[in-house]
Amino acid sequence: MLKKERFRRFIEYFTQHYPEPQTELNFSNPFELLVAVILSAQCTDKRINQISPALFARFPEPESLAVASVDEVFSYIRSVSYPNNKAKHLVGMARTLLERFGGEIPATVEELQTLPGVGRKTAHVILSVVYNEPTMAVDTHVFRVSHRLGLAPLTATTPLAVEKALMAHIPKQYVPKAHHWLILHGRYVCLARSPKCDACALRDFCKYYEKRMGSIVVQ
DNA sequence: ATCCCGAGGG
DNA sequence: CCCTCTGGAT
């Protein structure tokens with residue numbers, strides 16, 4: 001199947017079944033989203049949502065977080081992955097927000113990436129979710145699912161390469177949605193370890209499924 | 001044992 | 001490019 005047709009099928013299916021996909025991280029303003037996304041590295045959204053209410057209540061804006069001790073922030077996030085690093089990142093992020101951006105969440109990749117704990121992926125999530133900009137954040141799900149569905153070439157071995165491959169073929173108005181579609185598909189159907197191919201509506205053009213079937217020995 | 005919406009540093 | 005960080009669920 002041609003690459004163009006793969007993208008058409010992908011967009012068609014999810015437009016029909018998930019017309020308005022959203023992040024599963026709980027938040028009520030851009031600052032809370034930024035905190036939640038920084039915490040979400042190598043951790044499930046479900047876990048972030050379990051600890052975020054107390055965290056947001058104690059640190060509702062950059063001002064309180066910027067003057068907090070790393071130890072206290074750590075105490076709120078100790079159950080997520082890499083709590084030491086993330087506690088330092090959160091305090092540093094809040095201080096940088098106040099010192100350089102007047103406490104407002106910046107709206108460019110370059111400015112967002114100057115914030116401690118914010119890399120290309122997190123920056124693009126903020127731009128996509130907060131500002132609805134056509135940017136593709138490539139996380140572990142987007143990377144894996146894109147390759148399995150043949151939306152990214154085998155030569156795209158880095159997140160940036162996958163990002164460019166997706167951006168080259170997805171119409172701008174679908175980019176923010178496509179980001180969520182790829183994540184939802186990766187989280188609930190196209191699982192990393194044991195993907196639920198039986199429940200996948202896209203398996204007829206999935207390279208992973210094709211290879212998987214081909215490797216089964218008929219007895 | 002493997003994975004979860006990675007980032008920073010060497 | 002590599003490595004480290006490093007908790008909880010399955």
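Labels below follow one simple rule: chain letters A, B, ... track the order of the sequence lines, proteins then strands, and each chain is numbered from 1.
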Here the pair of heavy atoms bringing A:C43 nearest to A:K86 is CB-NZ, 4.4 Å
Note: chain A reaches DNA chain C at heavy-atom distances under 4.0 Å over the stretch, first to last nt, 5' to 3', of C:dC5 to C:dT10
Separation between the P atoms of C:dC3 and B:dC5, rounded to whole Å | 24 Å
Can you see which heavy atom on A:V73 is nearest to which on A:A68, and at what distance?
-> CG2-CB, 4.0 Å
Closest heavy-atom pair, A:N26 versus A:F56, reported as atoms and distance to 0.1 Å, is O-CE1, 3.7 Å
When you look at A:H185 and A:F14, which way does the ring pair (Phe, Tyr, Trp, His ring centres under 6.0 Å) test go after all the steps?
-> CA-CA 9 Å; A:H185 195 57; A:F14 282 104; 5.5 Å; yes
Hey, is the main chain of A:Q42 close enough, under 3.5 Å, to the side chain of A:S81 for a donor-acceptor pair?
-> yes
If you measure from the C1' atom in C:dT6 to the same atom in B:dA1, how many Å do you get, rounded?
-> 16 Å
Under the side chain to side chain contact (heavy atoms under 4.5 Å, CB included) rule, collect the residues that match up with A:K46, sequence neighbours excluded.
-> A:T44, A:Q50
State which residues pass salt bridge (Lys or Arg N to Asp or Glu O under 4.0 Å) with A:E32; sequence neighbours excluded, sorted by chain then number.
-> none
Quick one: side chain to side chain contact (heavy atoms under 4.5 Å, CB included) partners of A:H147, sequence neighbours excluded?
-> A:F143, A:A152, A:A156, A:V162
Considering non-hydrogen atoms only, spot the tightest contact between A:I105 and A:P30 and give its length.
-> CG1-CB, 3.7 Å
Residues in ring-ring contact (aromatic ring centres under 6.0 Å, His included) contact with A:H141, at least two apart in sequence or another chain | none
Residues within residues 15-47 of chain A bordering DNA chain C, heavy-atom distance below 4.0 Å = A:Q42, A:R47
Taking only heavy atoms on the protein side, list every residue of residues 77-97 of chain A lying under 4.0 Å from any atom of DNA chain C, sorted numerically.
-> A:R78, A:S79, A:V80, A:S81, A:Y82, A:P83, A:N84, A:N85
Mind listing the closest non-hydrogen atom pair of A:L182 and A:S146 along with its distance?
-> CD1-OG, 3.9 Å
Using chain A heavy atoms and a threshold of under 4.0 Å, write down where along DNA chain B the contacts begin and end, 5' to 3'.
-> B:dT2 to B:dG8
What class does the angle between the rings of A:Y76 and A:F59 fall in, given that below 30° is parallel, 30 to 60° is tilted and above 60° is perpendicular?
-> perpendicular
So A:F7 and A:H169, would you call those rings parallel, tilted or perpendicular, with 30° and 60° as cut-offs?
-> parallel
Considering only atom P, compute the distance from B:dA7 to C:dG8 and round it to an integer number of Å.
-> 22 Å
Heavy atom of residues 56-75 of chain A under 4.0 Å from DNA chain C: which residues?
-> none
In short, side chain to side chain donor-acceptor pair (under 3.5 Å) pairs touching residues 96-113 of chain A with sequence neighbours left out are A:T108-A:E111
Backbone of A:L149 reached by a side-chain donor or acceptor of A:R6 within 3.5 Å | yes
Which residues in residues 111-149 of chain A have at least one heavy atom lying under 4.0 Å from any atom of DNA chain C?
-> none
Return the set of residues passing salt bridge (Lys or Arg N to Asp or Glu O under 4.0 Å) with A:R78 (not counting sequence neighbours), or none when no residue passes.
-> none
Is a salt bridge present between A:E210 and A:K207, judged by a nitrogen-to-oxygen distance below 4.0 Å?
-> no
Going by heavy atoms in the side chains, are A:F31 and A:M93 under 4.5 Å from each other?
-> yes
